[in-house]
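Convention: sequence-line order gives letters A, B, ...; per-chain numbering from 1.
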Amino acid sequence: MSEPTGVIHDIGYRHYDGVRLGRRHATVALAVHSLRGIFGLGRTIRAKIIPFLIVGVMMLPAVVSIAVMALLRQKVMAYTSYGSIMQAVLAVFLAAQSPYIVAPDLRFRVLPLYLSRPVTLWDYVGAKLAAMITAMFLLLAVPLTVLYIGELVVDLPDPVKTGNYLAAMAGAAVSALLLSCIGVAIASFTPRRGLGVASVIAFYLLTSAVSTLVSATMESVNNYTASGWALMINPFFLVDAAVHVGLFGADASSPVVYPSGGGAVALQLLLVVVLIALSVIALVTRYRKAAAR
Amino acid sequence: MTILATEGLTRRFPRVTALDQLTVNVGPGVTGLVGANGAGKSTLIKILLGLLDPSAGKAQVLGMDTTTQGPEIRRVVGYMPEHDCLPPDMSATEFTVHMGQMSGLPRTSARERAADVLRHVGLYEERYRVMGGYSTGMKQRVKLAQALVHDPRLVFLDEPTNGLDPQGRDEMLALIRRIGTEFGISVLVTSHLLGELERVCDHVIVIDGGKLLRSSSIADFTQTTQTVTVEVEEGRQALAARLTELGETVVEHGRSLLVQVRAPETFDTLRDAVCDLDLCLVRMEQGRQRIEDVFKEPVSRESADV
């Protein structure tokens with residue numbers, strides 16, 4: 001008699017005796033998981049709409065610029081002004097996605113599960129921050145790179161602006177670092193996602209409105225130094241002034257002249273570092289409290 | 001072999017002392033940790049996971065010190081919390097795979113283990129759906145699966161039967177028993193119901209107000225907790241009177257009677273008494289006593305002696 005086919009055997013419980021990787025593997029896995037989640041990968045269709053819409057909008061100026069370069073043989077914009085022109089879109093992305101990576105874990109109390117594993121609280125916070133920073137960087141760096149490749153391919157009579165491209169990439173890295181730290185820190189204070197989105201967008205609107213308003217007022221009374229400094233309240237212009245203009249000597253992408261000179265640039269860079277440090281301290285304090293619950 | 005041991009373990013919070021000079025030794029198998037809410041069960045688990053430092057004393061899990069070797073302990077220990085901890089927009093499979101990776105499993109191994117473990121806890125087709133729509137029973141199963149996904153040597157289950165209906169409770173308890181015997185994973189399970197732990201544990205530890213009340217093997221417990229709950233439609237007083245007359249110990253408990261089981265004959269006496277009085281028997285159930293009931297009596301007796 002032949003063996004019966006299609007029988008389900010209860011093989012019982014099997015122990016796992018394969019490799020067990022360490023903390024670093026877990027931290028990287030968490031960062032990758034979060035990064036995928038930010039772009040809605042591995043999530044529902046609804047979660048993909050906003051990130052992909054924003055990525056599309058971010059690509060638009062690059063595509064249009066390439067088309068203009070090809071057809072009219074003319075440069076449209078400097079790489080370094082890309083971030084400042086698209087700042088509202090970047091801010092919306094930050095506001096929409098940074099609460100996603102921190103709020104659900106707090107709200108649905110998944111955090112204790114992570115902490116009952118080898119990863120420490122700081123691995124967790126680091127992985128989440130790394131994911132957001134990478135996402136923000138990609139969001140700006142990909143269109144910049146596409147534009148750069150476009151410029152190479154179109155082959156304009158002017159020399160290719162590689163220096164300006166590299167300055168813009170450095171700026172993208174710094175702004176990703178600064179904005180992600182601020183965004184995630186603000187978002188981590190509420191376990192409710194909607195509230196997190198509102199807080200981050202409010203932060204951006206407030207800083208951009210206040211900086212424009214104060215800057216314009218100062219300009220009207222002919223105080224140009226104060227006007228330039230007022231613009232630094234907006235994190236996008238701060239990075240533009242500190243990195244693009246200050247470190248790489250590119251042209252400013254704001255209508256107002258930035259405070260310049262070695263001292264001013266050093267102060268702007270210090271401001272960037274202080275803002276990042278403050279955000280990280282806020283995050284650490286927040287999570288120390290959350291972990292104690 | 002000792003799975004976990006504590007010595008003079010004390011944990012003080014600004015306003016309460018959660019654990020007070022707790023010294024216990026736990027061997028392999030299924031161990032129940034019983035105590036009322038706020039007795040210090042969850043604090044003990046946090047200390048054992050190395051997430052909370054004790055104020056005094058020390059604890060060892062699988063031979064590792066909790067204050068210095070926390071990460072090493074958490075690598076080989078599983079934890080199922082009491083509260084909800086599942087993100088509603090993920091499927092059980094994805095979530096369990098992710099948690100397996102968090103425990104240090106490579107992605108492919110995590111996938112295999114997740115499929116295995118979800119099958120063992122009894123989740124089949126529904127594991128591909130998002131967890132937001134799960135029933136409490138299914139959620140408890142996923143919580144258990146994530147604690148087992150990395151094949152730990154010891155699992156801490158904090159109130160695994162919380163919120164389950166009687167059938168769900170029975171299934172969960174059977175599963176816990178299987179984990180301890182068939183899977184060969186030691187279990188520390190907490191509950192505030194001694195009755196249900198009796199059925200699955202080899203050893204029971206009772207704590208109250210952070211102090212050790214009792215630690216003994218299950219055999220010692222069964223005698224003290226053998227009661228049967230009887231509910232009749234009418235004539236509760238008459239039945240109580242008759243049983244007392246026949247030498248049984250009866251306590252009225254709301255709409256039902258708690259009868260202490262002296263010997264198997266008690267059941268016969270009970271049956272005969274109900275028949276003789278021609279009463280309508282609604283329910284007869286082996287007692288699921290609350291821990292407070294069991295330990296109130298000896299304590300009050302002791303204090304009366306003083």
Pair count under 4.5 Å, heavy atoms only, with chain A: among B/Gly50, B/Pro71, B/Pro88, highest is B/Pro88

Do you know which of B/Ile185, B/Leu105, B/Leu49, B/Val117 has the most heavy-atom pairs under 4.5 Å to chain A?
->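 Between B/Ile185, B/Leu105, B/Leu49, B/Val117, the count favours B/Leu105.
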
Portion of [X] that has a non-hydrogen atom of chain A nearer than 4.5 angstrom:
X: B/Leu48; result: neither
X: B/Ile73; result: neither
X: B/Lys143; result: neither
X: B/Leu86; result: backbone
X: B/Phe95; result: side chain
X: B/Arg75; result: both
X: B/Met90; result: side chain
X: B/Val149; result: side chain
X: B/Glu94; result: side chain

Work out which heavy atom in B/Asp89 is nearest to a heavy atom in A/Arg43; give both atom names and the distance.
-> OD2-NE, 3.9 Å

Taking only residues two or more places apart in sequence, or in another chain, which ones meet B/Ser103 in a side-chain hydrogen bond (donor to acceptor under 3.5 Å, both in side chains)?
-> A/Arg117

Partners passing side-chain hydrogen bond (donor to acceptor under 3.5 Å, both in side chains) against B/His203 (at least two apart in sequence or in another chain) =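 So B/His203 forms a side-chain hydrogen bond (donor to acceptor under 3.5 Å, both in side chains) with B/Ser215.
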
Would B/His120 and A/Tyr13 count as a close aromatic pair, with their ring centres under 6.0 Å?
-> yes

Take A/Val110 and B/Met99 through the test side-chain contact (heavy atoms from CB on, under 4.5 Å) and record every step on the way to the result.
-> CA-CA 10 Å; A/Val110 193; B/Met99 282 300 155; 3.8 Å; yes

Measure the spacing between [atom1] of [X] and [atom2] of [Y] and express it to the nearest 0.5 Å.
X: A/Asp123; Y: B/Met102; atom1: CG; atom2: CE; answer: 10.0 Å
X: B/Arg74; Y: A/Leu115; atom1: CZ; atom2: CG; answer: 7.5 Å
X: A/Ser116; Y: B/Gln146; atom1: OG; atom2: CD; answer: 6.5 Å

A/Arg20 versus chain B, the contacting section by heavy-atom distance below 4.5 Å | both

Tell me whether [X] at atom [atom1] has more than 12 heavy atoms from other residues, nucleotides or ligands lying less than 6.0 Å away.
X: B/Glu7; atom1: CD; value: no
X: B/Lys58; atom1: NZ; value: no
X: A/Ile50; atom1: CD1; value: no
X: B/Arg153; atom1: CZ; value: no

Would you please classify the geometry between the A/His33 ring and the B/His98 ring as parallel, tilted or perpendicular, with 30° and 60° separating the classes?
-> parallel

Answer whether the closest heavy-atom distance between the side chains of [X] and [Y] falls below 4.5 Å.
X: B/His83; Y: A/Pro112; value: yes
X: B/Asp84; Y: A/Arg109; value: no
X: A/Tyr16; Y: B/Glu112; value: no
X: B/Cys85; Y: A/Phe108; value: no

Under 4.5 Å, counting heavy-atom pairs only, tell me which of A/Gly22, A/Pro118, A/Ala26 racks up the most with chain B.
->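 Option with the top pair count is A/Pro118.
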
